[in-house]
Amino acid sequence: TTVQKLTDPVPADFVRQFQRDSVARELPEPFFAGVLREAQKVPARVWRDVLGGLLAPDAANRLDRITSPTLVVWGDKDALWDAAHQRDLIRAIRGARLVTYSGSGHSPQWEEPQRFVDDLVGFLSFRLKAEATRETTTEATRETTTEATRETTAEAARSRDQHQGHGEHAHPKATAAESGVMPLLP
């Protein structure tokens, strides 16, 4: 591919065309100029490695290792990855959520920045609330378990200290004579 043949410095025409092809909507020129300046700084080996990693035959086989909450944002005019790729991605990443941007290309975060921010903040807020709820539930369970353990421990101590209601033991292993407790008769 063209990317595999890149050498440093990466040609400005390649960078411009690549970035232009990644969007379906017109971007504000000052913003796009900044994208080009930053992309121009990326060495050829990074372009090759990133594309090579994305296209590697075993790349999809590693997706099930992702265990973090995942938001997949996709523009339906994406020239690199189609709807089938998105379905495969969502199936491979447990619990992943797909948000599709109609009319956007590969970079919806650039094409619809406010919607992207809203979707991302909404996703993170939901995850944070879910995590807080889980932590609160876990903490409540931990507190309940700790209290129950304290009560059980206290009850066990009282049980050891009481001998069938016939007095207290000086020590759990003390004999009846040592503790002054009347022994149980068969």
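These figures come from a predicted structure and were not determined experimentally.
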Item to check | side chain to side chain contact (heavy atoms under 4.5 Å, CB included) evaluation trace for Leu98 with Trp74 | outcome: CA-CA 7 Å; Leu98 173 66; Trp74 175 66; 3.9 Å; yes

Item to check | Atom pair CZ (Arg16) and CD (Gln40), whose distance is rounded to the nearest 0.5 Å | outcome: 10.0 Å

Checklist entry - Is any side-chain heavy atom of Val99 less than 4.5 Å from a side-chain heavy atom of Val72? => result no

Checklist entry - Please walk me through it: do Leu54 and Trp81 pass side chain to side chain contact (heavy atoms under 4.5 Å, CB included)? => result CA-CA 11 Å; Leu54 289 172; Trp81 309 106; 4.1 Å; yes

Next on the checklist: By the ring pair (Phe, Tyr, Trp, His ring centres under 6.0 Å) test, which pairs, at least two apart or in different chains, include something from residues 47-72?
Outcome noted: Phe14-Trp47, Phe18-Trp47

Checklist entry - Are Leu27 and Leu80 connected, step by step, through hydrophobic side chains (Ile, Leu, Val, Met, Phe, Trp, Tyr) whose heavy atoms are closer than 4.5 Å? => result yes

Next on the checklist: Is there a path of hydrophobic side-chain contacts, each under 4.5 Å between heavy atoms, that joins Val121 and Phe116?
Outcome noted: no

Item to check | CG-CD distance between Leu51 and Gln4, expressed to the nearest 0.5 angstrom | outcome: 6.0 Å

Checklist entry - Do the side chains of Leu6 and Pro11 get nearer than 4.5 Å, heavy atoms only? => result yes

Checklist entry - Say you draw a straight line from OG1 of Thr100 to NZ of Lys77; how long is it, rounded to the nearest 0.5 Å? => result 12.0 Å

Checklist outcome for this item: Closest heavy-atom pair, Gly103 versus Ala24, reported as atoms and distance to 0.1 Å, is O-CB, 3.5 Å

Next on the checklist: Could you measure the distance from the CG atom of Asp64 to the CD1 atom of Ile93? Nearest 0.5 Å is fine.
Outcome noted: 9.5 Å

Checklist entry - Is the closest side-chain heavy-atom distance between Val73 and Gln109 below 4.5 Å? => result no

Checklist entry - After noting the C-alpha distance and the side-chain angles of Ser104 and Arg25, does the key distance pass the side chain to side chain contact (heavy atoms under 4.5 Å, CB included) rule? => result CA-CA 6 Å; Ser104 286; Arg25 299 170 195 250; 3.2 Å; yes

Next on the checklist: Counting only heavy atoms from other residues, nucleotides and ligands, does the tally under 6.0 Å from CG of Asp13 exceed 12?
Outcome noted: no

Checklist entry - Are Glu26 and Arg20 close enough for a salt bridge, meaning some N to O gap below 4.0 Å? => result yes

Next on the checklist: As a quick check of understanding, evaluate side chain to side chain contact (heavy atoms under 4.5 Å, CB included) for Ser22 and Trp110, giving each step before the final call.
Outcome noted: CA-CA 10 Å; Ser22 72; Trp110 297 347; 4.0 Å; yes

Checklist entry - What is the minimum heavy-atom distance between Ala39 and Gln19, and which atoms define it? => result CB-NE2, 3.5 Å

Next on the checklist: Between Asp8 and Pro43 (side chain of the first, backbone of the second, donor and acceptor by atom type, cut-off under 3.5 Å), is there such a pair?
Outcome noted: no

Item to check | Ala96 versus Ile90, closest heavy-atom pair with distance | outcome: CB-CD1, 3.8 Å

Next on the checklist: Contact between Leu71 and Leu120 at the side-chain level, heavy atoms closer than 4.5 Å - yes or no?
Outcome noted: yes

Next on the checklist: Within the 4.5 Å heavy-atom criterion, are His106 and Val23 side-chain neighbours or not?
Outcome noted: no

Residues 28-38, side-chain donor-acceptor partners within the protein, below 3.5 Å, at least two apart:
residue, atom, partner, partner atom, Å
Glu38, OE2, Lys41, NZ, 3.0

Checklist outcome for this item: Shortest non-hydrogen pair, Gly75 vs Pro108, comes out as N-CG, 3.9 Å

Checklist entry - Are Val15 and Val46 connected, step by step, through hydrophobic side chains (Ile, Leu, Val, Met, Phe, Trp, Tyr) whose heavy atoms are closer than 4.5 Å? => result yes

Checklist entry - Does the ring of Tyr101 carry Arg115 above it, NZ/CZ under 6.0 angstrom from centre and within 45° of its axis? => result yes

Checklist outcome for this item: Residues pairing under salt bridge (Lys or Arg N to Asp or Glu O under 4.0 Å) where one sits in residues 82-95, two or more places apart or in two chains, turn out to be Asp88-Arg91

